[in-house]
2 protein chains.
Amino acid sequence: MKWLTCSRQWLTSLLVVVSLPAPAQPTQPYSYPPSEVVMIHSQLLNEERKVYVHRPKVDSTDTTKRFPVLYVLDGDNHFELLAQYVDYLSRPDVMAMPKLIVIGIPNTKRTRDLTPTNSLLNYEGKPDSSSYQSSGGNETFLQFMATELMPMIEKTYPTTPYKILAGHSFGGIASLNCLLTHPDLFDAYVAVSPSLWWDKEYVLKRTAETLKTGSSLPKRLFFSDGNEGGPNSFFHKHVVKLDSTLAKKKLTRLEYLYKHYPTETHMTEPIVAYFDALRFLFRDWAKQR
Amino acid sequence: MKWLTCSRQWLTSLLVVVSLPAPAQPTQPYSYPPSEVVMIHSQLLNEERKVYVHRPKVDSTDTTKRFPVLYVLDGDNHFELLAQYVDYLSRPDVMAMPKLIVIGIPNTKRTRDLTPTNSLLNYEGKPDSSSYQSSGGNETFLQFMATELMPMIEKTYPTTPYKILAGHSFGGIASLNCLLTHPDLFDAYVAVSPSLWWDKEYVLKRTAETLKTGSSLPKRLFFSDGNEGGPNSFFHKHVVKLDSTLAKKKLTRLEYLYKHYPTETHMTEPIVAYFDALRFLFRDWAKQR
């Protein structure tokens, strides 16, 4: 046994030598466009929050320029993607949209911050007390954005007043809830697969109640869904209903686009939906320059 | 006047105080998923080349895992985007494709490396000697990939044999040229808006000549075009012709998808086309797991 052990050790060391990688290639870290993590204490939320900030590259002729701001909910999921899209689409050889500052807001208590009402019902309408007990804090979260986060961003970075709010799933209903309750906070709203099932279709009902037929709503709105249970699913029907409700309201100056992605899942859809959202929001930008 | 000057100075300093930014927020750099730049000396190209390498995050149970490799041409344009897509789509809560190692190959002499023939004709068929004089080096570049780059990658990183080649524009014809001349180098090919106009439709002609009707080509191929001059443009007609040529060949085991993006430009299209390409190449992956 001892021999065997020794032999194995010898064999192992031989294998180590044999399988050594090729002489090391000269390597250095890849430089991504820099972004930063900023800490902010929220009195409203009674916690420290971090936000991710991605600033456009500016050349020496650009140093006095100011930029619109895109606020992205679920920052840990979609901040990098949107920063990437914005950087690429605003390149001089692409010129499909302006440079933006992108702010990613990662979650601390996602359900608390992104749901508009306190409800213990899950998407099937059944009680799900475990994860939804803290729900209903979206109004406080929007106050945090309006009175703590946005003033800090606007003091610290070279912003213009134009602002976009983008969210997916619970972030989608948070975005729509903001449009309904504080429309003036942002100029454009993106709601990718909004969880319209929340609390017995609260956001759908609120949309029908809040928006006055024929009134003016000078905003842009992109919303979408993927394949979340197929064409007969409640998820799809809800989003179709949002589309038809908006159509019936005949709001003046609201420009909106609904896109359905039947081949994408709830989680793959944001990649293509956020791209289409940026293309929609800035569809006339190149002409206006 | 002196009073006015003094007063202005005073006013200016007051404004400076008033507009001072809020107390500096605690800030730290944002951590992107690390990638590295690897230098390799190419004897074939007689130059130092850098390549970008993005490796999947592995947890402690994953350390012996090996990964397919996606090689991306025009690395400075599309490496970050594809690394982002791959990371996101392979997340445990998304699970739309496997983790991949992504290799971005930035250009040194783009026209030399990515065009299959020496030609001085531009896309209108007119001489453009200034930028195309060095054209026609794609065969040498593919040899560099096959005999220098890929062996280095495979020695240095935990790879499986499955490999994808992806390119846009000139990179698109390079990808197709590789499929026609060295099909065994990769398992799947992506050609986003390939410049099929190159040298009097050389790649289209070569496709018609090289592929034997009814023969076996066990590969996957995604190709696409955007709005590059509209539906009657030669650019679109060429890509449609590639599609019909492949259809006529009735190749067995070739799975291919052609997508047309009439609302995207030559430069915005890669964002959505590369996403659709990954979704196509791995469309049955989730089922096969």
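All of these numbers come straight from a predicted model, not from anything done at the bench. Labels below follow one simple rule: chain letters A, B, ... track the order of the sequence lines, proteins then strands, and each chain is numbered from 1.
- The shortest side-chain heavy-atom distance between Tyr30(B) and Phe79(A) falls under the 4.5 Å cut-off.
- The part of Leu89(A) that comes within reach of chain B is its side chain, from C-beta onward, which places non-hydrogen atoms under 4.5 angstrom from that chain.
- Contacts between Gln84(B) and chain A at a heavy-atom distance below 4.5 Å involve the side chain alone, from C-beta outward.
- Under a cut-off of 6.0 angstrom, the local environment of CD in Gln43(B) is sparse, with at most 12 non-hydrogen atoms contributed by other residues, nucleotides or ligands.
- Looking at Pro33(A), the atoms closer than 4.5 Å to chain B (heavy atoms on both sides) sit in the backbone and in the side chain alike.
- For a residue to count as touching a neighbouring chain, one of its non-hydrogen atoms must lie under 4.5 Å from one of that chain's; by this rule His266(B) does not touch chain A.
- For the set Asp93(B), Val53(B), Asp87(B), the entry with the most heavy-atom pairs within less than 4.5 Å of chain A is Asp93(B).
- Most heavy-atom pairs under 4.5 Å with chain B: of the set Ser35(A), Pro29(A), Ser31(A), this distinction falls to Ser35(A).
- Residues Arg91(B) and Asn77(A) form a side-chain contact, since some pair of their non-hydrogen atoms from C-beta on lies under 4.5 Å apart.
- By the 4.5 Å heavy-atom criterion applied to side chains, Thr268(B) and Arg279(A) are counted as neighbours.
- When side chains are defined from C-beta on, Thr27(A) does not count as touching Thr156(B), because their heavy atoms never get closer than 4.5 Å.
- Among the candidates His54(B), Lys50(B), Glu264(B), Arg283(B), the residue making the largest number of heavy-atom pairs closer than 4.5 Å to chain A is Glu264(B).
- Ring orientation note: the planes of His78(B) and Tyr88(A) are tilted relative to one another, at an angle of 30° to 60°.
- Options Met39(B), His41(B), Glu80(B), Gln28(B) differ in how many heavy-atom pairs under 4.5 Å they form with chain A, and the most are formed by Glu80(B).
- The choice from Ile271(B), Val94(B), Val38(B), Val272(B) that makes the most heavy-atom pairs within less than 4.5 Å of chain A is Ile271(B).
- Residue Leu81(B) touches chain A through both its backbone and its side chain, counting heavy-atom pairs closer than 4.5 Å.
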